[in-house]
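Whatever order the structure lists ligands and atoms in, that order sets their numbers, starting from 1.
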Amino acid sequence: MLGDKKVVYSAVQPTGCITLGNFLGAINNWLKMQDDYVNIFAIADLHALTVRQNPAEYRKRAMSFFAQYLACGLDPQKSILYFQSHVHQHAELAWILNCFTYVGEMSRMTQFKDKSAKHAENINMGLLDYPVLMAADILLYQSDFVPVGIDQKQHLEISRDVAIRFNNLYSPTFTVPEPFFGKQGTKIFSLQDPTQKMSKSDPDPNGYINLIDDPDTIVKKFRRAVTDCDGRVIYSEDKPGVSNLLTILATVTDRTVADVEKDFVGKGYAELKNEVADAVVERLRPIREQYDRLINDKEYLVSVYKEGAESASRIAQRTLNKVYRKVGLVER
Ligand code: AQP
């Protein structure tokens with residue numbers, strides 16, 4: 001809680017591209033929360049260093065992601081928008097929290113196991129420690145809610161556990177955060193393998209929609225989407241491809257899946273694919289147009305992220321001072 005408002009914190013790592021999955025599972029919910037909360041949204045550029053990045057490309061991509069945040073409608077008048085690396089308190093609190101987190105807890109994390117298998121040549125400490133940095137991100141701002149996709153549920157549990165552990169050892173210090181999942185769209189699946197989440201690090205670009213894909217590309221990707229051979233447009237566990245398309249259509253148009261399903265009685269997959277594609281194209285069109293304007297306005301982007309980092313840092317330092325005092329560090 002800050003003042004009389006609850007605090008919302010979330011972030012996206014600048015890897016690959018922002019996908020429709022990131023948008024529907026996370027950013028779209030952030031947009032809906034902007035008026036009622038203190039909103040803090042970061043580009044998690046320290047987190048993404050757990051895998052090797054090409055420095056020049058990485059810098060460019062991080063700026064592109066920041067411009068996409070603004071293009072989506074995140075408003076610097078209502079939300080604090082910044083790069084994680086610009087607020088040194090994230091790394092500092094992560095160190096302290098490391099001392100209150102167990103190696104066994106970290107090595108059991110699904111994402112750690114998945115990424116260790118994917119990057120067997122580079123299983124670094126950062127990969128293991130990823131959830132602790134995430135806990136620091138969230139706890140620094142005394143966040144009440146963390147709007148994320150369902151894939152982040154396990155990491156959020158760790159943030160809660162660490163907060164509770166610290167509060168019990170000392171005295172109440174951190175707000176214990178709650179996850180915030182949207183009504184639907186909490187997990188969007190790959191268009192090519194609908195049993196896997198739509199992932200921004202998918203090597204097959206047909207598996208995901210990039211937020212700034214042009215309309216023709218979006219239409220083509222949906223036409224190629226994997227379905228099944230049964231032909232009926234219904235939401236069902238044994239029809240992951242069709243169910244995924246229905247979920248996307250419902251989330252993009254702000255309707256329920258059951259409602260959307262009714263439109264397809266007597267219709268086939270071609271109609272479903274065309275309708276999803278059209279709805280997504282229309283939802284993303286203004287974002288892409290605004291992005292094209294913003295990405296060339298470097299001065300504006302810099303002014304927004306500098307101001308964002310200053311505001312974030314002021315809040316973060318209050319928590320860090322409290323933590324340093326409680327663990328017994330000598331005051332500066
Ligand atoms: N498919 C998805 N459906 C719903 N929500 C999703 N999110 C991600 N994918 C989906 C949510 O987006 C936010 C940012 O996630 P992230 O930065 O951890 O990136 P990612 O897209 O989850 O990353 P990948 O695809 O695993 O690639 P890497 O990690 O290799 O860069 C989170 O709130 C997440 O829940």
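Of all the heavy atoms of I188, the ones lying under 4.0 Å from any atom of ligand 1 are found in both the backbone and the side chain. Neither the backbone nor the side chain of D202 comes within 4.0 Å of ligand 1, counting heavy atoms alone. Looking at H47 against ligand 1, nothing comes within 4.0 Å, counting heavy atoms. The part of A26 lying near ligand 1 is the side chain, judged by heavy-atom distances below 4.0 Å.
Distances from ligand 1 to the non-hydrogen atoms of Q111 include no value under 4.0 Å.
A donor-acceptor contact under 3.5 angstrom links the side chains of S64 and Y291, judged on distance only.
The distance from ligand 1 to the heavy atoms of K115 drops below 4.0 Å at these ligand atoms: 28 (P), 29 (O), 30 (O). Residue T15 has at least one heavy-atom neighbour below 4.0 Å for each of these atoms of ligand 1: 28 (P), 31 (O). Taking a cut-off of under 4.0 Å to the non-hydrogen atoms of T186, the atoms of ligand 1 that pass are 3 (N), 4 (C), 5 (N). Near S201, meaning under 4.0 Å from one of its heavy atoms, ligand 1 places the atoms 24 (P), 25 (O), 27 (O), 28 (P), 30 (O). The distance from ligand 1 to the heavy atoms of G25 drops below 4.0 Å at these ligand atoms: 4 (C), 5 (N).
Atom OH of Y58 sits in a crowded spot, with more than 12 heavy atoms from other residues, nucleotides or ligands closer than 6.0 Å. The number of heavy atoms from other shown groups lying within 6.0 Å of NZ (K153) does not exceed 12.
Listed by chain and number, the residues in a salt bridge (Lys or Arg N to Asp or Glu O under 4.0 Å) with D35 are K78 (sequence neighbours excluded).
Counting only heavy atoms from C-beta outward, the side chains of H90 and L140 approach each other to under 4.5 Å.
Between Q89 and A316, the shortest heavy-atom contact is CB-CB, 3.7 Å.
When only interatomic distances are considered, the shortest N/O to N/O separation between K187 and ligand 1 does not fall below 3.5 Å. Looking at P147 next to ligand 1, no N or O pair under 3.5 Å apart turns up. For N22, a nitrogen or oxygen atom sits less than 3.5 Å from a nitrogen or oxygen atom of ligand 1, counting backbone and side chain alike.
The cationic group of K200 does not satisfy the cation-pi geometry with Y208, failing either the under 6.0 Å distance to the six-membered ring centre or the 45° limit from the ring axis.
Of the candidates K200, M198, K197, Q196, it is K197 that places a heavy atom closest to atom 26 (O) of ligand 1. Selection from I150, V148, D151 by nearest heavy atom to atom 34 (C) of ligand 1 gives D151.
Interatomic distance, Q317 CD to E92 CD, rounded to the nearest 0.5 Å: 7.0 Å. Between atom CD1 of residue I248 and atom CD1 of residue I209 there is a gap of 7.5 Å, rounded to the nearest 0.5 Å.
Using the six-membered ring where Trp is involved, F100 and F166 have ring planes that are perpendicular, over 60° apart on the 30 and 60° scheme.
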